[in-house]
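A, B, ... follow the sequence lines: proteins, then strands. Residue 1 opens every chain. A quick note: this is a predicted structure, and the numbers were derived from the prediction, not measured.
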Amino acid sequence: MYAQMVKTDSARVKTLDEMDPVERAFQERVDAGQKIEPKEWMPEGYRKTLMRQISQHAHSEIVGQLPEGNWITRAPTLERKAILLAKVQDEAGHGLYLYCAAETLGISRDEMYEQLHSGKAKYSSIFNYPTLSWADIGAIGWLVDGAAIMNQVPLQRCSYGPYARAMVRICKEESFHQRQGFDILMKMVKGTPAQKEMVQDALNRWWWPSLMMFGPSDDASVHSAQSMSWKIKQNSNDELRQKFVDQTVPQAEYLGLTVPDPDLKWNVEKGGYDFGEPDWTEFFAVIAGNGPCNAERLGARQRAWSDGAWFRDGLVAHADKMKSRRAAAQVAAE
Amino acid sequence: MSSEWPLWEVFIRGQHGLNHRHVGSLHAPDAEMAVNNARDVYTRRNEGVSIWVVRSSDITASAPSEKGPLFDPSNSKVYRHPTFFDIPDEVGHM
């Protein structure tokens with residue numbers, strides 16, 4: 001997902017009886033559906049896992065601006081350009097809500113940036129693929145934001161208050177993202193054969209990376225079990241992937257497109273689609289930094305940070321100057 | 001990079017004559033920039049008609065451990081709620 005394969009530091013999930021009274025009281029609150037707030041006691045593993053997950057989620061929102069930013073200057077109409085600008089601005093906003101939520105756990109904004117820029121922290125694998133045509137912008141909204149919604153809707157019920165509240169705001173805005181993407185594609189498939197072909201090509205390239213966003217099967221993962229018992233994860237990766245496929249295939253059919261999976265077949269018994277396995281070798285290569293655009297994306301973030309240093313410093317210098325002027329004026333007045 | 005921008009808490013008044021409500025926080029070098037940034041981060045869809053920003057470090061909060069001493073005493077004072085008093089039907093609406 002936007003946060004993939006988040007580790008929990010747990011070797012296995014403790015039972016209530018194995019916990020000391022403080023931890024047990026915490027777990028019982030989580031089990032009862034109560035929200036945990038920043039200054040309250042929480043197990044160190046819970047705090048660290050959330051810090052990893054939320055910061056990874058935030059980094060994904062920020063890096064996620066880059067593939068789409070590629071098309072802002074080349075949008076086909078002024079209206080499409082304005083819409084794309086608004087969408088990309090939303091992604092920046094989502095990143096900021098999430099960074100703030102992570103900061104409540106005791107990590108600073110600069111530390112998180114440092115982790116992103118040094119490559120220590122991850123962001124979603126999906127943003128390491130290139131946007132080659134305008135249809136890719138449609139496909140990202142439809143598929144990538146669609147997959148994100150699948151994951152983010154249950155996160156609104158996450159046990160950690162600041163994260164859950166950030167997700168509520170984000171989910172309200174994501175729906176616009178997905179619809180604007182689908183709208184681009186609806187327009188294009190009604191266009192020339194060449195335009196329709198562009199849409200099919202975009203689906204061919206984005207389908208599998210979108211399924212990979214949910215991460216490999218985690219039914220046997222202790223990290224997943226731990227995250228679920230802490231209610232910072234609600235569904236297994238396979239559950240969400242299945243839901244996504246079931247929701248998306250009819251939409252592809254509406255657009256008159258072919259999903260690039262020879263194994264895709266409706267399964268009457270389970271009331272869902274059977275589908276093929278994504279190429280997990282590719283997924284792990286992208287996660288490890290060897291996707292088509294990893295270096296470009298990270299390079300762009302590093303440049304934005306270092307090129308903006310003079311401006312950030314300038315604003316601080318201005319703020320300091322105004323502060324001392326105000327102080328001097330006050331002294332003079334007295 | 002010299003120093004991190006301070007953290008500000010953002011309060012927004014919605015459209016309908018409501019109180020300012022805490023919506024989140026952000027970093028900014030000074031109050032003026034904090035208001036500007038809050039406009040962009042928290043009111044992209046007409047969420048508000050007025051913004052307050054306060055330095056996070058200027059907020060004094062009650063500690064979670066004080067929850068009992070602070071709030072438990074009001075639990076036993078149910079007579080503070082109007083439903084505590086039974087008013088006979090013949091009296092009508094009160």
Checklist entry - With ring centroids as reference points, do A:F26 and A:Y46 lie under 6.0 angstrom apart? => result yes

Next on the checklist: Checking A:T104 against A:Y163 for the side chain to side chain donor-acceptor pair (under 3.5 Å) test, could you report, in this order, the C-alpha distance in whole Å, the side-chain angles of both residues, the deciding distance, and whether it holds?
Outcome noted: CA-CA 10 Å; A:T104 63; A:Y163 193 27; over 6 Å; no

Item to check | chain B contact via A:R169 - which portion, at a heavy-atom distance below 4.5 Å | outcome: side chain

Item to check | Note: A:K14-A:E23 ion pair, threshold 4.0 Å (strictly below) | outcome: yes

Checklist entry - Contact part of A:E37 toward chain B, heavy-atom cut-off under 4.5 Å: side chain, backbone, both or neither? => result neither

Item to check | Pick from A:K39, A:R165, A:K323 with the largest number of heavy-atom pairs that fall under 4.5 Å of chain B | outcome: A:K39

Item to check | Region of A:S306 in contact with chain B, defined by heavy-atom distances below 4.5 Å | outcome: neither

Next on the checklist: Please identify, among A:G93, A:A92, A:A319, the residue contributing the most non-hydrogen atom pairs under 4.5 Å to chain B.
Outcome noted: A:A319

Checklist entry - Can you find a side-chain donor-acceptor pair between A:E103 and B:H27 that sits under 3.5 Å? => result yes

Item to check | A:D320, part contacting chain B, at a heavy-atom distance under 4.5 Å | outcome: neither

Checklist entry - Any Lys/Arg nitrogen of A:K87 or A:D145 sitting under 4.0 Å from an Asp/Glu carboxylate oxygen of the other? => result yes

Item to check | Side-chain donor or acceptor of A:Q302 paired with backbone N/O of A:H117 under 3.5 Å | outcome: yes

Checklist entry - Of the backbone (N, CA, C, O) and the side chain (C-beta and beyond), which part of A:Y113 lies under 4.5 Å from a heavy atom of chain B, both, or neither? => result neither

Checklist entry - Tell me, side chain or backbone of A:L96 under 4.5 Å from chain B's heavy atoms, or both, or neither? => result side chain

